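The structure follows.
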Amino acid sequence: TDGWRTNAIQRDGNANVFMQYEFTPKTSLQAEYRYRNLQTGDVQQKFFDNNFEPNTINAVVTNTARVGGRHSFAPNSILIANFAYTKRSEMLNSAPPNAPPLDFGGGLFIPISFNQINGKEFKQDVYSAEMQHQFLSNYFSLVSGVGYSQQNGHPFQQTGLDFSSIGGPANSACGDPTIPNICQNLPALVRNYNPYGYGYFKILPNLTFIGGASYVYQQGSPFFVPGPNSTNQDNSFNPKFGLLFQPNPMTTIRLAAFKSFTRPLANAQTIEPTQVAGFNQFYDDLNGANGWKYGAAVNQKFTKTLFAGIEGSYRKIDTPITTPFGGAVQNENVGEWWQAIGYFNYAPHDWVALRVSYQYDQVSNSSPLGGELSAAQLFTSRVPLSAGFFHPSGFIANLTVTYCNQNGTFEPIFAPAGTRVDGRDTFWLTDAMIGYRMPKRYGLITVGVKNLFDQKFNFFNTDFANPLIQPDRLVFFKITIALG
């Protein structure tokens, strides 16, 4: 797609082959190959129509081969292993010739005319190995494991200075002494070691305490680990605590408090537990981001067809901000996230499912652009109303109407550093889908429309890789075939 605005392009090609074989009831092996060719411009919604990177293009090609295995020594003792190799190439271009000078704050304007990080000819190789053991019993269970990954490459960075926009000389090539520029290979090496253990203590039949920790140690170049050279080091000890309590069979109470550390994962895969007491602990943060998350939730089953729940969480993350052309940490972006969720699910008939929910998100960033968010304060409320229809013949349909309200304070990309602009918008969106579920679970065919009435609005999406809502009408078709 060319997107809903200039340079919101997205071209995505995927292929996936997966096989699993069971040698014995105790031992199985799986193998997988994945290919992805992704080219994007600036696809993140940043509230204002002109708040985007008009020239940035990022092209990434990844080839991943993975082998995994599972063996049961006994019904309560299971070993899991996973090995993967990824070949990754990336090309990042920004700042075209004759671009206006960038304001770095304090009256410092630098006319960066060309910035390219070329990883296509200097591919990155990623190796990862993980092993996990699961011990299961009626009163105590333990999930423990260790992981190792290495990512290595030498992408080429070329940054030139062009003073023509302010009446000076034009951009120079690499090696030209007339105008200063940067032409260098960036050593992109990082090694990660991460042992972990999660204990599940069943104190009472209806009460489970979760206690554990993980440790992350990484060593690498400034491309991944802040610091002056290729042996920079960073580490983090991350406690994990959770509680699951069922005061009665219809009610579940969940509590959690844990620390997490974001390490670079080019293949974006791990067999380490991804949640604690039902609360997600891994996010698509910048490398080195670390902090605590606290959560509480109540899930209630009133009848066989009526469910409800509430959930609240708070997350505080410190993200290191390095100098533009080096690895030194110049400051940190302190990001805080508050979230509250409530929902009701009701099935008045075997063929019909109704859902109403409310989600409130509050985000703050001390250094918005450094945290790649450009939102200093953000308050978002969403109320989706959904009705689903499921006929025994296989026909399905869904209609969702969503109320959105958002206001915030933003730091525009090309405004002078420290500029703050307020914004607010309220709107309704309608999504529709029809489909057919094939007999014997052979597959699913769906046709749908996002933003059915082509509603125009201003919205800031905090997930820069996965748009939450569509700013233009989007028609999609999807077919899934299950073999075996």
Side-chain angles (χ1 to χ4, degrees), residues 1-12 40-54 339-349 351-363 373-375 378-391 394-410 412 421-437 444-480:
T1 175
D2 289 332
W4 73 98
R5 70 174 180 216
T6 302
N7 200 38
I9 66 169
Q10 182 170 338
R11 293 170 175 79
D12 195 0
T40 60
D42 185 355
V43 299
Q44 185 185 11
Q45 297 164 258
K46 302 187 180 92
F47 201 85
F48 300 111
D49 293 338
N50 60 351
N51 191 29
F52 67 97
E53 297 276 1
Q339 185 177 78
I341 298 174
Y343 70 89
F344 276 95
N345 292 341
Y346 178 50
H349 190 275
W351 301 356
V352 179
L354 305 176
R355 178 180 174 88
V356 56
S357 62
Y358 171 76
Q359 180 171 327
Y360 172 79
D361 293 279
Q362 179 179 332
V363 181
L373 284 173
S374 74
L378 190 65
F379 307 87
T380 307
S381 293
R382 299 176 63 247
V383 185
L385 310 172
S386 178
F389 179 76
F390 309 88
H391 194 269
F395 174 77
I396 61 175
N398 182 271
L399 179 68
T400 301
V401 179
T402 304
Y403 167 79
C404 298
N405 177 281
Q406 187 179 72
N407 68 87
T409 302
F410 308 95
V421 180
D422 294 333
R424 175 188 296 271
D425 202 359
T426 299
F427 53 93
W428 290 84
L429 294 176
T430 303
D431 302 329
M433 181 274 292
I434 59 173
Y436 176 69
R437 191 178 300 277
L444 178 66
I445 302 172
T446 56
V447 178
V449 182
K450 299 284 189 180
N451 193 1
L452 178 63
F453 300 109
D454 201 19
Q455 178 73 32
K456 305 302 180 184
F457 54 86
N458 291 330
F459 185 79
F460 190 96
N461 183 18
T462 56
D463 188 341
F464 57 87
N466 303 289
L468 181 66
I469 57 179
Q470 292 295 330
D472 271 347
R473 182 188 295 118
L474 171 69
V475 180
F476 67 89
F477 170 77
K478 182 179 180 180
I479 180 170
T480 303

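Please read these numbers as outputs of a predicted model, since none were measured by experiment.
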Partner set under side-chain contact (heavy atoms from CB on, under 4.5 Å) for Leu429, not counting sequence neighbours: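 Applying side-chain contact (heavy atoms from CB on, under 4.5 Å) to Leu429 gives Phe427, Asn451, Gln455, Phe457, Ile469.
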
Among residues at least two apart in sequence or on other chains, which ones pass side-chain contact (heavy atoms from CB on, under 4.5 Å) with Tyr436?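 Counting only residues at least two positions away or on another chain, Tyr436 forms a side-chain contact (heavy atoms from CB on, under 4.5 Å) with Met438, Pro439.
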
Please identify each residue that fulfils side-chain contact (heavy atoms from CB on, under 4.5 Å) with Ser357, with sequence neighbours left out.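 With neighbours one apart ignored, the set is Tyr343, Arg355, Pro384.
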
With sequence neighbours left out, write down each residue that passes ring-ring contact (aromatic ring centres under 6.0 Å, His included) with Phe47, or none if nothing qualifies.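 With neighbours one apart ignored, the set is Phe410.
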
I'd like to check the salt bridge (Lys or Arg N to Asp or Glu O under 4.0 Å) partners of Asp12; sequence neighbours left out, ordered by chain and number.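 Result, salt bridge (Lys or Arg N to Asp or Glu O under 4.0 Å) vs Asp12: Arg36.
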
Pairing residues for Arg424 by the salt bridge (Lys or Arg N to Asp or Glu O under 4.0 Å) criterion, not counting sequence neighbours: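 For Arg424, no residue satisfies salt bridge (Lys or Arg N to Asp or Glu O under 4.0 Å) once neighbours in sequence are set aside.
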
Asp2: what forms a salt bridge (Lys or Arg N to Asp or Glu O under 4.0 Å) with it, not counting sequence neighbours?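 So Asp2 forms a salt bridge (Lys or Arg N to Asp or Glu O under 4.0 Å) with Arg11.
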
Listed partners of Phe379 passing ring-ring contact (aromatic ring centres under 6.0 Å, His included), at least two apart: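 ring-ring contact (aromatic ring centres under 6.0 Å, His included) list for Phe379, sorted by chain: empty.
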
With sequence neighbours excluded, residues passing side-chain hydrogen bond (donor to acceptor under 3.5 Å, both in side chains) with Thr1: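 Here no residue qualifies.
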
According to salt bridge (Lys or Arg N to Asp or Glu O under 4.0 Å), who are the partners of Lys456, at least two apart in sequence or on a separate chain?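 By the salt bridge (Lys or Arg N to Asp or Glu O under 4.0 Å) rule, Lys456 matches Asp454, Asp472.
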
ring-ring contact (aromatic ring centres under 6.0 Å, His included) against Trp428, all qualifying residues, sequence neighbours excluded: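 Partners of Trp428 under the ring-ring contact (aromatic ring centres under 6.0 Å, His included) test: Tyr403.
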
In chain order, what residues pass the side-chain contact (heavy atoms from CB on, under 4.5 Å) check against Leu354, with sequence neighbours excluded?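 With neighbours one apart ignored, the set is Tyr346, Pro348, Val352, Ala387.
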
